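The next block holds one structure in the form of structure tokens; read it before the comments.
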Protein chains: 2
Amino acid sequence: MKKKASTIKDIAQALNLNISTVSRALNNSRKISDETKKLVQDYAEKVNYRPNAIASSLRMGRGNTIGLVVPRINRQFFSNLIYGVEEVLNSAGYNLLICQSNELLENEKQAINTLINARVDGIIISISKQTASYKHLETVINRDIPLIQTDRVADLLPTNKIVNNNFKASYIAVQHLLDSGYKRIAHISGPLAINIYKERLNGYTKAIEDSRLSDKSPIIFENIITDSEAYKLATGLISDKKMPDAFFAASDFAALGILKALKDNNIRVPDDVGIVGFANEPFTEIISPALTSFDQYSIEMGREAARILLDELENKQENRVPKQITIDPRLIVRESSIRRL
Amino acid sequence: MKKKASTIKDIAQALNLNISTVSRALNNSRKISDETKKLVQDYAEKVNYRPNAIASSLRMGRGNTIGLVVPRINRQFFSNLIYGVEEVLNSAGYNLLICQSNELLENEKQAINTLINARVDGIIISISKQTASYKHLETVINRDIPLIQTDRVADLLPTNKIVNNNFKASYIAVQHLLDSGYKRIAHISGPLAINIYKERLNGYTKAIEDSRLSDKSPIIFENIITDSEAYKLATGLISDKKMPDAFFAASDFAALGILKALKDNNIRVPDDVGIVGFANEPFTEIISPALTSFDQYSIEMGREAARILLDELENKQENRVPKQITIDPRLIVRESSIRRL
DNA sequence: AAAACACAAGCAAACGTTTGCATTTATAAT
DNA sequence: ATTATAAATGCAAACGTTTGCTTGTGTTTT
């Protein structure tokens, strides 16, 4: 004997009013007398009326929902991003539909599909490692669904973008190591298919080129992300006696692996070898020696992505020019890169 | 001159069919001839038809969407939880609507409201620090929306629950410290309004009682969560010369604060003082000495929560008895708690 | 006192699906 | 040839809102 949820129709019936009146009363329309409004609202309260957002969405043609696609929800960077997105979106009255691609293109396509079908008002995405074809994203654009790319972006797509200045940050990282007196600086890079790693690599290369070093040959190791990969790499370098005197790693985890390997082989950091990481993972300030790294303002990136999206939604105008917001990561100097002389 | 998205009505018109036929063809109903199916499906493909999930939801009375409410998306534990939930839900064809309460009851209520209005099929929640009144959750139950509580739960509410066995884990933590030869074991607790901290405290107390220690007086410090709070606490204990010889902290961050303070005061861990934390935060195995802690299987908890929910949704039956799934956290022994003799 | 005007409320269509039932057509059973 | 049966399609209502338009009152203006 469960009573089903009450609708405006029920209320109208009970109060001997028309549903349009009830609807307007609940939405505080000025066309309705205060008297009736109170009557309706009180009764709605009493019967625990909850507006059916689905019906409303259908009628209004929009659901106040934003879709978000990230590679992995539980990576610190992305969970911070989501945090920021949710914060802004929620206080603007939007809901957040979240999908993760697990770094797989197939899942990403699937997610985009779901979001389109759900008629989200906009989509924020950080593309997967595999994403090299952009057809699914073009579909989004063609449907006039505002699309914002963050962090990992497809440069060619004409969408708003929120990114870090990876090039500049890397350039600064190398300069910092040079300033500390290191001379043979290696770069540990990630999968170059992802633009951020490519950019960090470029920043590194340029900085080395621009340096006053006599030996300007870059030392690059690609596709190293986990600490164990880095550990192996560093161990190999030690036994091959090819140890550089500094590392700029494109990820903190890679930096950590290097650090562990060096410690295990009694090579002193920062005295013998300097290290700079990237992302300012929580552990960087906790380990010993604390790791120099870059704060990416991930929460703020999320907030900004949401803000841009809201702006686009609320000031709908023709022929917008896609803009790109670039945030400079902040170098956080810690022990691992300051040579005690 | 933008063409609006095509609907089954458009397809029906173009193909000179009835919309019901189109609908059935797209849903692969057996009532439709293969011929017509192919015709419809091909045409739908051609015009890039996307079913309007909102309309479908309205008609069907359900939207294949699950709501999730957590205190903070970007805490490791919760982002892992979400990861697990998303994984299971997504492959079962459900969408995930995420809200964070920011540890505020008001936000939590608001989130629940939104989710009810969105007519989600079920809700998974980890309640906020402030949540002491459960009216909003009762509303959910009264509306027959399946509700699953995880980790932080309101015991009195008759819902399914996925929890850690905090009592048992704490008991084991203390036993482990006793086995390592520590004799004055303190407990650093969190806000006791949250059940998990209460349970951990109880486990600690019981273990001390059950011990063979001559001095069985518990040493408890409440409401310490951040590492800086713990740092201050430990520093105070040192200057007051009231240092216990071991700490079991209800959070890794508290444990970290203690550890830092001890190191800064040249007290050796684990030789002079032992430490055990809780949650197995990523940093625990990275710092030196590595911190003994408890893995909570957070991803698996998320998966399990989602599974339970799906089960409840798919095998709808009257008078279900709410069940509680308890997961034993796993003690991960690291350096910080093994006394080298 | 008639015309003009607000104001409040009602009517009905629309959003895009799904689905029970009715109808048509082709096929099988008598 | 007639009827019963099955197969394929069409019709129309329903889900719960929102909103332009119409209608009915009572108040103001001339």
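So that the names make sense, note that chain A is the first sequence line, chain B the second, and so on, each numbered from 1. Only a predicted model underlies this, so the values are computations on that prediction, with no experimental measurement involved. Quick note: numbers below take in every heavy atom, side chains included, and nothing from hydrogens, waters or symmetry partners.
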Which part of the nucleic acid, if any, lies within reach of [X] when heavy atoms closer than 4.0 Å are counted: base, sugar-phosphate only, or nothing?
{"X": "L17(A)", "answer": "sugar-phosphate"}
{"X": "N16(A)", "answer": "sugar-phosphate"}
{"X": "R30(A)", "answer": "sugar-phosphate"}
{"X": "S20(B)", "answer": "base"}
{"X": "S33(A)", "answer": "sugar-phosphate"}
{"X": "T7(B)", "answer": "sugar-phosphate"}
{"X": "N117(B)", "answer": "nothing"}

Between [X] and [Y], does at least one N-O distance fall below 4.0 Å, as a salt bridge requires?
{"X": "K135(B)", "Y": "E138(B)", "result": "no"}
{"X": "R307(A)", "Y": "E312(A)", "result": "no"}
{"X": "E103(B)", "Y": "R75(B)", "result": "yes"}

[X] vs [N]: side-chain N/O to OP1/OP2 distance below 4.0 Å:
{"X": "T21(B)", "N": "dG10(D)", "answer": "yes"}
{"X": "T36(A)", "N": "dA9(C)", "answer": "yes"}
{"X": "S57(A)", "N": "dC15(C)", "answer": "no"}
{"X": "N18(B)", "N": "dC11(D)", "answer": "yes"}

Starting at atom [atom1] of [X], determine the distance to atom [atom2] of [N], rounded to an integer number of angstrom.
{"X": "I32(B)", "N": "dT24(C)", "atom1": "CD1", "atom2": "P", "value": "17 Å"}
{"X": "I8(B)", "N": "dG10(D)", "atom1": "CD1", "atom2": "C1'", "value": "13 Å"}
{"X": "Y49(A)", "N": "dT17(D)", "atom1": "OH", "atom2": "C1'", "value": "7 Å"}
{"X": "L58(B)", "N": "dT17(D)", "atom1": "CG", "atom2": "P", "value": "9 Å"}
{"X": "K37(A)", "N": "dC7(C)", "atom1": "NZ", "atom2": "P", "value": "13 Å"}

Requested in this report: Please evaluate the base of dG10(C) for a donor-acceptor partner in the side chain of R24(A) within a cut-off of under 3.5 Å?
Outcome: yes

Query - Polar pair under 3.5 Å, donor/acceptor by atom type, side chain R50(B), base dG16(C) - result: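 By the distance-only test, no, there is no pair.
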
Query raised in the report: Can you check side chain to side chain donor-acceptor pair (under 3.5 Å) on S101(B) and N107(B), steps first, answer last?
Result: CA-CA 5 Å; S101(B) 64; N107(B) 290 2; over 6 Å; no

Report task. Measure the shortest side-chain to side-chain distance between L96(A) and L68(A) over non-hydrogen atoms and say whether it is less than 4.5 angstrom. Result ->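 In contact.
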
